[in-house]
There are 2 protein chains.
Amino acid sequence: MESSNAPGGAGGGRREATRQKLYEAAVTLIAEQGFSATTVDEIAERAGVAKGTVYYNFASKSVLFEELLRHGVGLLTASLREAAERTAEESGSKVDALDAMIRAGLVFIDRYPSFTQLYVAELWRTNRAWQSTLMVVRQEAVAVVEDVLRAGVEADELSDEIDVGLTASALVGMVLVAALDWKAFQPERSLDDVHAALSRLLQGRVSGHR
Amino acid sequence: MESSNAPGGAGGGRREATRQKLYEAAVTLIAEQGFSATTVDEIAERAGVAKGTVYYNFASKSVLFEELLRHGVGLLTASLREAAERTAEESGSKVDALDAMIRAGLVFIDRYPSFTQLYVAELWRTNRAWQSTLMVVRQEAVAVVEDVLRAGVEADELSDEIDVGLTASALVGMVLVAALDWKAFQPERSLDDVHAALSRLLQGRVSGHR
DNA sequence: CCTTTTGAACTGACTGGTCAGTGCAAAACC
DNA sequence: GGTTTTGCACTGACCAGTCAGTTCAAAAGG
């Protein structure tokens, strides 16, 4: 017996493929309608599986959502960290690293706009079942930015008067909102274009005549 | 909304008072749970009125929500515009005006955190009944920031290379996310403190050694 | 008296979750 | 090799509960 299942990690198991389909179906539906307005029947239908399959793969609707959150933010965090490290090797400049992370953030949002939207919509809610999951996962992502900021201060490349936590939040917000507006209202613009505008803002070349 | 009254347009009619109570009840519940997860019974109960009263005052749950959105963003827009105009009279500097608007934004979020949260959660959704309302109302608010940016470019106080629309989005995002994180994770910090950190970011005193 | 509110009962549609049963490919057996 | 068994993955009808919205007679309120 011992037939199918995924040994080490992401194999091509039938199970894993089904879960992936369910993630993809759930992410767009929940982004559009919100968690509560999205029914399990809809998710199953869009994924092309039966409702029972959803409950075979996930303990409940909430659990499906929580695992989806973890999955998505995991991708983002890895991408940010990779961008920061790659830049660190090449240039050593922390401002360059921040800039690279901004780009990585934009690339992520460009690829997974629905996930981003859903994440933003749920992040500041209180009293929800998955709130603790959300907090943990948020901290993981923000911490990557904070680390770079802190390193920048230590390298005397950034002012030591900055508030690391708040500045990290503000930078994340800047990218998040600009990117969501981009995808929502001007999807034809290029990523480079958007990146350039945000770079300018980051490097303080907005106020102060050039 | 959240706390006090400030009806904005009406005297102390009994009807208006009831609507106000319903707004206040709805805004916190929907911010916490989302629109779909919030029941009309809950809203009525928290407002201290009978369910029939909700339907006497609003055609439906959605209409209540839409009018709530209009009401809230109206307050924000007025506040932003007022801050910009007041600063314009006093100093004439557009950067000062932006700074004043940042503060006005923070004050608003400080006073109505639930409304802000609910607004963010709904803003980028698609295919929802109130989407057009939301777009209109968003544009009203962003336009205030854009106007100041444009004036700043014309006065040669800001670089003419900036992208007005995107920069406005980014600034709004910066304030929004920083403020929501502030209220959610460090509510004990003072508004001045947060404002100072954001001012620094606005004026590009982060990168570049002082 | 005319407007507003009450409060409880009712409906009809919808939803999360369940469960007995099916299909099928690898494993065990002869 | 051919047959039988095993159990994973999946199915979809079904159930018990929930909710938006309606109705209405009666009570405040002003």
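Values reported hereafter were calculated over all heavy atoms of this structure, with side chains retained and with hydrogens, waters and symmetry mates removed. Order of the sequence lines fixes the chain letters, A, B, ..., with proteins taken first and strands second; residue numbering starts at 1 for each chain. Being a predicted model, the structure only gives us computed values, none of them experimental.
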For B:R103, is there an ion pair with B:D192 - N to carboxylate O distance below 4.0 angstrom?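 Salt bridge present between B:D192 and B:R103.
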
Using a strict threshold of under 4.0 Å (side-chain N to carboxylate O), is an ion pair present between B:E82 and B:R86?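 Judged by the 4.0 Å cut-off on N to carboxylate O distance, B:R86 and B:E82 do form a salt bridge.
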
Measure [atom1]/[X] against [atom2]/[N] and give the value in whole Å, please.
{"X": "B:K21", "N": "C:dT4", "atom1": "NZ", "atom2": "C1'", "result": "12 Å"}
{"X": "A:R19", "N": "D:dC8", "atom1": "CZ", "atom2": "P", "result": "15 Å"}
{"X": "A:E45", "N": "D:dC10", "atom1": "CD", "atom2": "C1'", "result": "17 Å"}
{"X": "A:Y56", "N": "C:dG21", "atom1": "OH", "atom2": "P", "result": "18 Å"}
{"X": "A:L64", "N": "C:dG17", "atom1": "CG", "atom2": "C1'", "result": "14 Å"}

Does CD in B:E45 sit with more than 12 non-hydrogen atoms of other residues, nucleotides or ligands closer than 6.0 Å?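 No, not enclosed.
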
side-chain N/O A:N57 vs D:dC10 OP1/OP2, d < 4.0 Å: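 Checking D:dC10 against A:N57, a side-chain N or O does come within under 4.0 Å of OP1 or OP2.
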
Using OP1 and OP2 only, check whether a side-chain N or O of B:T53 sits under 4.0 Å from C:dT4.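 So the side chain of B:T53 is outside the cut-off, no N or O lying under 4.0 Å from OP1 or OP2 of C:dT4.
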
Return the 5'-most residue of the pair A:S62, B:G48 with respect to DNA chain C, ranking by each residue's nearest nucleotide.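 Here B:G48 is the residue nearer the 5' end.
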
Can you tell which of B:F35, B:F115, B:F58, B:Y119 makes a ring pair (Phe, Tyr, Trp, His ring centres under 6.0 Å) with B:F65?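 Among the candidates, only B:F35 passes.
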
Any chance you could lay out the side chain to side chain contact (heavy atoms under 4.5 Å, CB included) test for A:T28 and A:R46, step after step, and finish with the verdict? CA-CA 10 Å; A:T28 51; A:R46 178 163 309 186; 3.0 Å; yes

Which pairs, protein N/O on one side and nucleotides 11-16 of chain C N/O on the other, fall under 3.5 Å?
{"residue": "C:dG16", "atom": "OP1", "partner": "A:T38", "partner atom": "O", "Å": "3.3"}
{"residue": "C:dG16", "atom": "OP1", "partner": "A:K61", "partner atom": "NZ", "Å": "2.8"}
{"residue": "C:dG16", "atom": "OP2", "partner": "A:V40", "partner atom": "N", "Å": "3.1"}
{"residue": "C:dG16", "atom": "N7", "partner": "A:K51", "partner atom": "NZ", "Å": "2.8"}

Nearest atoms (heavy-atom pairs only) where A:S36 meets B:Q33: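 For A:S36 versus B:Q33, the nearest heavy atoms are OG-O, 4.5 Å.
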
